[in-house]
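Below: one structure, written as structure tokens.
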Amino acid sequence: MAGGTIWKGAIHFGETSVPVKLHAAVKEERIQFHLLHRSDRVRLHQLMICAYEKKPVPVEAQTRGFEVEEGKYLIVDPEELEQTAPEGSRAIEVHEFVPAAEIDPIFLERVYYLEPDTVLAGYGELVELLEEMAIAGICTWTMRKRSYLGALRARGGIIRLTTLRYADEVVAVSSLGLKEIPVSEKELKIGRDLIGQLTAPFQPEKFVNEHQRKLQELIEKKARGEKIAVLRPKYVQPTASDQLLQALEASLKKVA
Amino acid sequence: MAAQGIWSGTISFSLVAIPVQLVRAVTPGRVSFRLLHSTDYSPLARRMLCPKEDAMIPPEEIIRGYEIGPDHYIPVTDEELESVTPERSRTIEIVEFIDMEEVDPVYFDRPYYLVPTKGGEKAYRLLAEVLHRTNRAGLARFVLAEREYLVAVASREGALALTTLHYSEDVLPDRDVVPKEGKVAAEEKRRMKGDIEKMTTEFAPDKYADARRVGILELLKRKAKEQAPVEAPAVAAEEGEGPPDLMAALEAAMRDVKKDR
Amino acid sequence: MNRQVVEIAGRRLSLANLDKVLYPAFGVTKAHILDYYRRIAEVMLPHLKDRALTLKRYPDGVDREFFFEKRCPSHRPAWTETAELLQDDGEPMTVCLVNDLATLIWVANLASLELHVPLARAASTETPDAMVFDLDPGEGADILACARVALVLREIISRLGLVSFVKTSGQKGLHIYVPLNLPGTTFEATSTFSKAVAVTLQKNYPDLVTAKMAKEQRTGRVFINWSQNDAAKTMVCVYSLRAREKPVVSFPLSWEELENLAGKGDRERFQVGHEEAVRRAEKEGDLFREVLTKRQRLPHL
């Protein structure tokens with residue numbers, strides 16, 4: 001079941017207004033660890049220490065500063081900061097529509113399912129149009145004093161709202177300093193055949209989070225006082241450049 | 001060195017193994033503030049306190065523990081954590097390839113890039129090029145910071161982009177969100193389509209700025225004009241002299257210098 | 001906005017507002033600044049290499065507001081080398097490394113007149129390559145007093161077996177560098193050592209020297225700021241311009257020259273302008289080169 005309603009608002013563009021409720025699409029629960037002192041196994045507390053006095057500073061004596069020059073700060077009043085928070089509103093304002101395929105997945109951040117709120121006004125029509133036209137609505141909205149950029153898309157008869165990262169938060173591939181290295185058509189062909197042989201339909205259910213289960217077992221073993229065998233991580237010998245073709249051919253033989 | 005990696009190891013498929021580094025593909029864009037002590041404006045640093053000994057604990061004496069009851073913890077060492085799936089902490093082993101179009105974007109979690117390290121450039125280039133031409137992605141599992149991730153390795157502008165995926169058990173079903181059979185009004189749909197067509201353009205992410213960030217920067221600019229910044233005191237304590245040996249050597253040198261002058 | 005695309009060492013770079021006056025009192029434009037950094041690059045780049053750059057940008061000139069940036073701007077060109085550093089609060093930060101001429105020109109084009117770098121390289125942020133004494137004259141003291149203190153300081157540490165180098169700060173003070181270049185050196189060691197030196201000088205020349213931060217202690221004295229020996233601090237890079245009324249450079253001097261200048265008593269002669277800096281660097285080479293190579297161990301620690 002989808003998560004409970006997180007927020008209510010209305011999709012807005014032109015003369016259209018579609019009231020919706022947001023539901024989380026992903027829920028994660030992980031085994032939580034705490035930090036302990038090795039010698040006495042006491043749980044540690046986090047403190048903020050004044051670098052000058054070397055003494056802990058309680059929350060009420062902490063303030064926030066923006067570094068304007070080395071060691072020089074502009075003190076920012078939390079109330080003033082609060083005022084820069086965007087105006088609260090219930091509108092998911094669509095600014096434009098774009099071909100959905102043009103949105104590079106690297107921009108996608110968090111997905112919400114949108115449920116029509118009370119009346120079905122416009123929801124069904126919008127779902128169909130988003131699907132038929134293969135488009136996404138680029139929108140902004142404000143939720144809990146934060147402004148978001150997002151994309152409205154449809155899938156399986158449901159409108160989804162995905163938060164988008166801002167362009168300047170995405171690291172450009174060009175900054176990775178990758179070199180152009182020629183690869184022969186023969187190598188590409190074998191690589192292609194190999195990948196073809198190893199391709200399967202995407203079935204995410206196949207991959208359960210075994211690691212969490214094994215971690216749980218490890219903890220239970222330790223709780224019973226059993227000894228844990230420490231295993232060294234496995235290292236794989238990299239394939240040398242001049243052995244690449246051979247390795248590809250051998251791989252293909254293995255899977256064919 | 002272009003960017004420094006947060007992990008280094010090997011990515012492999014079948015019998016080919018490529019040495020790589022993992023780097024972040026997104027950087028936080030928010031305006032960052034420092035926590036300061038409100039009396040002397042010295043920056044604050046995070047430290048861990050042992051309440052029993054009432055002492056700060058250095059990182060090498062800190063271990064992780066799992067809570068089994070009030071004040072009862074099972075300690076777990078890094079080595080033990082790594083032993084859970086030792087084969088996955090240094091290797092991203094692609095177990096199969098998938099068609100990227102089949103992946104529901106709801107699975108995408110966090111993006112990274114892989115960058116080849118010495119000797120891996122050619123095989124890296126080959127894998128990136130083949131993935132690009134076939135629009136496929138390699139599926140692998142790998143452990144980063146004590147968590148195991150299902151990841152998809154695809155090509156992006158000539159680079160290998162690694163995206164962690166949510167486990168299907170964590171993706172919530174959307175069935176109960178499905179609207180009850182509502183009728184679609186043809187007239188309403190036509191009108192809406194007209195609006196949409198007028199608003200359709202190309203995706204240009206550069207156009208959108210974070211309104212909050214812009215607001216904070218404006219506030220800071222205004223404040224910089226109104227008030228002088230405060231200054232943090234020198235970090236090292238000013239009291240005390242130095243090791244006695246050094247002080248003695250300096251005093252002796254000082255005497256010689258004065259004698260010569 | 002006027003733009004001009006140039007090619008530098010195979011990198012294409014778009015330069016903006018070249019005729020903008022950045023030092024209005026002297027009519028020095030951005031074109032002059034870019035030309036200065038292009039011509040000084042050969043001696044300057046080794047001192048910037050692999051160090052996290054702090055930019056101080058003066059887009060509207062030295063008499064207007066400036067921007068202090070530790071983060072490498074996200075609009076950087078593809079070929080800019082960067083490093084990722086962890087801040088105290090655990091947040092990663094991408095910083096620029098000025099490792100080639102094109103990056104230096106790009107940074108200068110951002111009107112970053114002053115280039116500041118830490119004493120450690122980005123790959124080993126806790127290992128200083130040098131120990132520094134930042135000599136700063138308080139009110140009523142001047143660069144001549146600084147020079148006197150610098151000469152005594154040099155003699156004392158040379159008696160402890162350490163070779164040192166000096167540069168002008170480009171403002172009113174002097175910076176003394178003691179090359180170390182040994183793995184395993186810590187900021188704790190360099191700050192302990194430099195503080196002990198500062199305290200000794202203060203004790204012996206109480207009217208001339210103070211080792212204390214407090215402004216009132218500095219009046220009429222030279223403050224030996226040893227607290228710059230800290231991973232979080234940066235120093236203005238040798239050959240960097242300073243954003244003052246006059247385009248003055250932080251420039252290395254030989255000890256003989258400093259002695260000479262101190263003897264002549266002419267404060268103005270300590271100020272090396274950007275044109276003179278290029279002329280002298282072409283003739284004398286890099287007087288600071290050994291700061292990067294000489295290996296020395298701090299004694300008595």
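So you know, we letter chains A, B, ... as the sequences are listed, proteins then strands, and number each from 1.
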Which bit of A:E96 comes within less than 4.5 Å of chain B, counting heavy atoms only: side chain, backbone, both or neither? both
Bottom line for A:I103: the part with an atom under 4.5 Å from chain B's heavy atoms is both
Select, from A:H34, A:Q32, A:E102, the one with the greatest count of heavy-atom pairs under 4.5 Å involving chain B. A:H34
Contact part of A:R160 toward chain B, heavy-atom cut-off under 4.5 Å: side chain, backbone, both or neither? side chain
Checking B:R136 against chain A: side chain, backbone, both or neither under 4.5 Å from a heavy atom? side chain
Which answer fits B:F108, side chain, backbone, both or neither, if we ask what part of it has an atom under 4.5 Å from a heavy atom of chain A? both
Name the region of B:E60, side chain, backbone, both or neither, that has any atom closer than 4.5 Å to a heavy atom of chain A. backbone
Under 4.5 Å heavy-atom distance to chain A, tell me which part of B:I94 shows up: side chain, backbone, both or neither. neither
State, yes or no, whether a side-chain contact exists between B:D104 and A:R155 at a heavy-atom distance under 4.5 Å. yes
Atom group of A:V42 that falls short of 4.5 Å from chain B, counting heavy atoms: side chain
Against chain A, label B:K207 side chain, backbone, both or neither, depending on which of its atoms sit under 4.5 Å from a heavy atom there. side chain
When the 4.5 angstrom heavy-atom criterion is applied to B:I62 and chain A, the contacting part is both
Between B:A161 and chain A, which part of the residue has a heavy atom less than 4.5 Å away: side chain, backbone, both or neither? neither
What part of B:Y149 is in contact with chain A, defined as an atom under 4.5 angstrom from a non-hydrogen atom: side chain, backbone, both or neither? neither
For B:V31, which atoms come within 4.5 Å of any heavy atom of chain A: side chain, backbone, both, or neither? side chain
Are the side chains of A:I135 and B:I196 in contact, using a 4.5 Å heavy-atom criterion? yes
For chain B, the option from A:L215, A:V76, A:L81 that forms the most heavy-atom pairs under 4.5 Å: A:L81
Assess whether side-chain hydrogen bond (donor to acceptor under 3.5 Å, both in side chains) is satisfied between B:H72 and B:E67, documenting all intermediate values. CA-CA 6 Å; B:H72 270 81; B:E67 189 171 20; over 6 Å; no
Heavy-atom side-chain contact between A:E205 and B:Y167 under 4.5 Å: no
Against chain B, label A:I159 side chain, backbone, both or neither, depending on which of its atoms sit under 4.5 Å from a heavy atom there. neither
Proximity breakdown for B:E157 and chain A, heavy-atom pairs closer than 4.5 Å: both
Winner by heavy-atom pair count (cut-off under 4.5 Å) against chain B, out of A:E210, A:E67, A:K179: A:E210
Pick one of side chain, backbone, both or neither for B:T27, based on which atoms fall under 4.5 Å of a heavy atom in chain A. both
Can you tell which part of A:V173 gets under 4.5 Å to a heavy atom of chain B, answering side chain, backbone, both or neither? both
In terms of heavy-atom proximity below 4.5 Å to chain A, should B:R141 be classed as side chain, backbone, both, or neither? side chain
Do the side chain of B:K122 and the main chain of B:G119 share a donor and acceptor less than 3.5 angstrom apart? no
Go through the atoms of B:M56 and report whether side chain, backbone, both or neither lie under 4.5 Å from a heavy atom of chain A. side chain
With chain A, which of B:D99, B:L139, B:L127 has the greatest number of heavy-atom pairs at distances under 4.5 Å? B:L139
Would you mind checking which part of A:Q216 comes under 4.5 Å of any heavy atom in chain B, side chain (CB onward), backbone (N, CA, C, O), both or neither? side chain
Polar contact flag, side-chain donor to acceptor under 3.5 angstrom, A:T63-B:S38: no
Is the closest side-chain heavy-atom distance between B:M48 and A:H45 below 4.5 Å? no
Bottom line for B:R147: the part with an atom under 4.5 Å from chain A's heavy atoms is both
B:S83 versus B:E80, side-chain donor and acceptor atoms under 3.5 Å: no
Taking side chain as C-beta onward, heavy atoms only, is B:L150 less than 4.5 Å from A:H211? no
Chain B contacts, top residue of A:F202, A:F107, A:F33 (heavy-atom pairs, under 4.5 Å): A:F202
Quick check on A:K21 against chain B: is it the side chain, the backbone, both or neither that has a heavy atom closer than 4.5 Å? neither
At a 4.5 Å cut-off on heavy atoms, which part of A:A172 comes close to chain B: side chain, backbone, both, or neither? backbone
Among side-chain atoms of B:H37 and A:Q62, is any donor-acceptor pair under 3.5 angstrom? no
Looking at A:P99, A:G71, A:G196, A:A250, which makes the most heavy-atom pairs under 4.5 Å with chain B? A:G71
Quick one: which of A:L218, A:I219, A:V170 has the most heavy-atom pairs under 4.5 Å with chain B, could you say? A:I219
State, without any angle test, whether B:R191 and A:T16 hold a side-chain donor-acceptor pair at a distance under 3.5 Å. yes
Would you sort out whether B:R213 and A:D168 count as a salt bridge (charged side-chain N to carboxylate O under 4.0 Å, His left out), showing the intermediate values? CA-CA 12 Å; B:R213 209 191 312 165; A:D168 62 1; 2.7 Å; yes
